[in-house]
Amino acid sequence: MEFAYALLVLILAVFIAAFILLVVGTIYFDFSNSEIPLGVDQPVKLRIVHSILIGTAVLGKILEKLGLCSQLGFTRYMRRGKKLGEDPKLFMKDLQFGKVPVRIYQPRVPSAGRRRGVLYFHGGGWMFGSINAYETVCRYIARESESVVVSVEYRLAPEHTYPAQYEDCLTATTRFMKTAEDYGVDPARIIISGDSAGGNLAAAVCQTLVSRPDLPKVHAQILIYPCLQAIDFDLPSYQQNCGVPILFRERMAFYVLQYLKGDASFLEDVLEGSHMPVDVKLKFRKWLSADNILKEFKVRGYKPKVPIECSNEVYEALKKFCEPAFSPLLAEDAVVRQLPESFILTCEYDVLRDDALLYKKRLEDSGVPVTWYHIDNGFHGIISLFDNGRLSFPAGKKGLDNIVNFLRSL
C-alpha cells in the first residue's frame with residue numbers, strides 16, 4: 001500500500017514538473033522566437049495569446065510522445081471551439097451542401113425583401129479551423145448586417161490536399177447560388193468572403209465563377225488578410241513581420257506545403273526562394289514585384305533578394321503553386337477584370353499584408369472597385385479575436401465593423 005502511494009506521488013510529481021517545464025519552455029520560446037512590435041494593438045494580450053497557442057502545440061507533442069493522441073489532433077481539438085447556445089436574433093441550422101457541411105445563420109427580424117447572402121470560408125492554414133471556431137464572427141456578421149451567412153466546413157490538410165479545400169468551397173457556393181431563394185436570399189446579392197486561408201479560397205472561387213454563365217454573378221468579395229501566392233516569401237511584409245505572432249514567415253511556408261502536398265518537404269527551398277525557376281519568377285514579376293507596393297510599406301525595412309535557381313525535382317513537386325486556384329494573385333488579366341466589387345482588409349504587422357496589397361493594385365488597375373481597410377496596429381488573425389473575453393482586441397472589432405458597413409452598403 002505504501003509502495004503504491006509512493007508511486008502515485010512520484011507520478012504526480014513528474015507530471016507537475018513536466019507542466020512547469022512546459023510553462024517555462026513556452027514563455028522562453030515565445031520571447032526568444034517572436035517579435036511583438038511596439039505599434040501593435042494590445043501587445044501584452046498578443047503575447048498571452050501566442051503563448052497559449054505555443055503551449056497547446058507543446059502539450060500536444062508531449063501527448064503524442066506518450067502515445068495518447070497525435071499533436072495535430074490535439075491542437076485541432078483545442079482550437080475547434082464549440083457551438084454556442086441559441087441566439088435570440090438568429091435562426092441557425094446545420095446542413096449538407098452535397099457532402100460539404102455548412103451552418104446557416106438567418107436573421108429573425110422581418111425583411112421587406114430578399115436578403116443578401118454571405119458565404120464565409122474560415123481561416124486556419126488549410127489545416128485548422130471549423131464552423132464552431134468561427135461561430136462568434138459569423139453570428140456577428142449575420143446580426144449586424146442582417147444578412148444570411150453560410151459558414152463552410154471544408155476538408156483539411158494534410159489528410160486532404162489541394163484542391164480538396166477549394167473544391168469543397170466551390171461546391172458549397174454553387175449549391176447555395178442555385179438554392180438561394182430557399183433561404184430568403186436574392187441570388188443577385190451573394191457575397192463570397194473568407195479570412196487568411198479562407199481568403200485564398202474565396203478569391204479562387206470568385207475567379208472560377210467568372211466563367212460560369214449558368215450561375216448568378218457574384219455580387220462582391222470580401223478578403224480578410226488573404227494568402228494569395230506561394231512564389232515569393234521575401235516581400236517587404238514577410239521580411240518585416242517574419243517573427244510577429246501569430247503567423248510567422250516559416251509557418252506560412254509550412255502551411256502552403258501542407259495544403260499542396262500534405263507534408264513539409266522542400267520547406268528550406270521555399271524559405272530561401274529556390275523553389276521556383278528564375279524564368280517563372282520573371283514571368284510573374286509584373287504582378288509580384290515589390291515595386292508595386294507603396295513606399296510607406298517599406299519604411300520598416302526591405303532588402304530585395306537576388307533570384308536563386310531551383311532544381312527540376314523541386315519545381316516538379318511544387319509547380320502547382322503557379323495555378324491561379326492555388327495562387328489567385330497569378331490569375332490572367334482577362335479574369336481579374338471580370339471580378340466583382342471587392343473589400344480587402346490588411347494588417348500592418350502581418351506577413352500576408354503585401355499579398356493583399358498587390359491584389360488590391362491588380363484589381364484597381366483592372367477597373368474593379370475596391371474598398372480597402374488597413375489596420376495599422378493589427379496582426380494576422382485579429383478579426384477572430386474581436387470578442388475573446390479578456391483577450392479581446394478593439395482593433396479587430398473596428399475591422400469587423402468595417403466589413404459589416406461594407407455589406408450594408410451593397
Side-chain angles (χ1 to χ4, degrees), residues 116 118-123 134 137 141 145 147 169 190-210 218-230 232 235-238 240-241 247 252 287-290 292-294 296-298 324 327-331 333 335-384 386 395-410:
R116 68 182 74 80
V118 181
L119 285 132
Y120 195 95
F121 308 146
H122 67 75
Y134 277 75
V137 170
I141 292 173
S145 71
S147 303
C169 291
I190 291 176
I191 299 96
I192 298 176
S193 65
D195 70 292
S196 193
N200 166 280
L201 298 168
V205 167
C206 269
Q207 291 180 1
T208 300
L209 294 177
V210 161
V218 177
H219 192 47
Q221 64 176 343
I222 297 174
L223 308 179
I224 305 166
Y225 34 72
C227 170
L228 297 172
Q229 58 87 30
D232 191 348
L235 291 169
S237 59
Y238 270 109
Q240 296 164 6
N241 304 311
L247 182 61
M252 191 62 240
W287 299 327
L288 288 175
S289 174
N292 295 330
I293 298 169
L294 295 174
E296 64 191 80
F297 293 106
K298 302 173 189 175
S327 297
L329 187 52
L330 308 183
D333 289 335
V335 172
V336 174
R337 69 172 62 103
Q338 296 182 68
L339 290 171
E341 181 177 357
S342 304
F343 178 97
I344 294 178
L345 184 143
T346 56
C347 291
E348 177 62 28
Y349 303 106
D350 179 9
V351 293
L352 296 180
R353 181 196 68 199
D354 294 347
D355 279 26
L357 293 180
L358 290 170
Y359 201 48
K360 169 180 174 289
K361 185 178 189 308
R362 284 208 66 194
L363 290 166
E364 290 173 336
D365 289 349
S366 298
V368 177
V370 178
T371 299
W372 172 47
Y373 183 71
H374 182 64
I375 306 179
D376 58 10
N377 61 346
F379 55 88
H380 192 83
I382 196 170
I383 296 298
S384 301
F386 85 101
K397 173 69 161 51
K398 290 181 181 178
L400 194 56
D401 284 338
N402 271 269
I403 292 168
V404 167
N405 291 336
F406 174 74
L407 285 169
R408 287 173 172 168
S409 72
L410 296 175

Minimum heavy-atom distance between Leu223 and Ala203, given as atom pair plus value: CD2-N, 3.9 Å
Inter-residue atom distance Ser327.OG - Leu288.CG, 0.5 Å rounding: 8.5 Å
Whether Arg362 side chain and Leu329 backbone form a donor-acceptor pair below 3.5 Å: yes
Flag side-chain contact, heavy atom, 4.5 Å: Ile141 against Leu400: yes
Where Val351 and Asn241 come nearest, the two heavy atoms and their spacing: CG1-O, 3.3 Å
Pairwise distance NE2(His219) to CG(Leu410) - rounded to 0.5 angstrom: 4.5 Å
Over all atoms of both residues, closest heavy-atom pair of Leu330 and Pro324: O-CG, 4.2 Å
Side-chain heavy-atom pair Ile383, Asp195 within 4.5 angstrom cut-off: no
With Ser237, the side-chain hydrogen bond (donor to acceptor under 3.5 Å, both in side chains) member among Thr346, Asp350, Asp354: Asp354
Side-chain polar contacts of residues 337-345 - donor-acceptor pairs under 3.5 angstrom, sequence neighbours left out - could you list them?
from: Gln338; atom 1: NE2; to: Ala334; atom 2: O; distance (Å): 2.9
from: Ser342; atom 1: OG; to: Gln221; atom 2: NE2; distance (Å): 2.9
from: Ser342; atom 1: OG; to: Pro340; atom 2: O; distance (Å): 2.9

Salt bridge (Lys or Arg N to Asp or Glu O under 4.0 Å) contacts in which one or both residues fall within residues 371-380, not counting sequence neighbours: none
Closest non-hydrogen atom pair between Ala356 and Pro226, with its separation: CB-CD, 3.9 Å
Exam field: side chain Asn402 to backbone Lys398, donor-acceptor pair closer than 3.5 Å: yes
Heavy-atom closest contact (Leu358 atom, Ser289 atom, distance): CD2-O, 3.5 Å
ring-ring contact (aromatic ring centres under 6.0 Å, His included) partners for Tyr120, two or more places apart: Tyr134
Stepwise side chain to side chain contact (heavy atoms under 4.5 Å, CB included) test for Leu357 and Leu294: CA-CA 9 Å; Leu357 293 180; Leu294 295 174; over 6 Å; no
Any pair counted as ring-ring contact (aromatic ring centres under 6.0 Å, His included), so long as it reaches residues 362-384, sequence neighbours left out: Tyr225-His380, Phe297-His374, Trp372-His374, Phe379-Phe393
Atom pair OG (Ser193) and NE2 (His122), whose distance is rounded to the nearest 0.5 Å: 12.0 Å
Distance, nearest 0.5 Å, that separates CD1 of Ile382 from CD1 of Ile224: 12.5 Å
Heavy-atom side-chain contact between Met252 and Tyr238 under 4.5 Å: yes
Salt bridge (Lys or Arg N to Asp or Glu O under 4.0 Å) partners for Lys360, two or more places apart: Glu364
Step-by-step side chain to side chain contact (heavy atoms under 4.5 Å, CB included) determination, Val218 to Val205: CA-CA 10 Å; Val218 177; Val205 167; over 6 Å; no
Check: Ser145 main-chain N/O paired with Arg116 side-chain donor or acceptor under 3.5 Å: yes
Contact check, side chains of Asn292 and Trp287, non-hydrogen atoms, under 4.5 Å: no
Closest non-hydrogen atom pair, Gly399 against Ile375: CA-CD1, 4.2 Å
By side chain to side chain donor-acceptor pair (under 3.5 Å) - contacts of Gln240 (at least two apart): Arg300, Arg353
Spacing of Thr371 atom OG1 and Phe406 atom CZ [to the nearest 0.5 Å]: 5.0 Å
Side-chain donor or acceptor of Asn200 paired with backbone N/O of Cys227 under 3.5 Å: yes
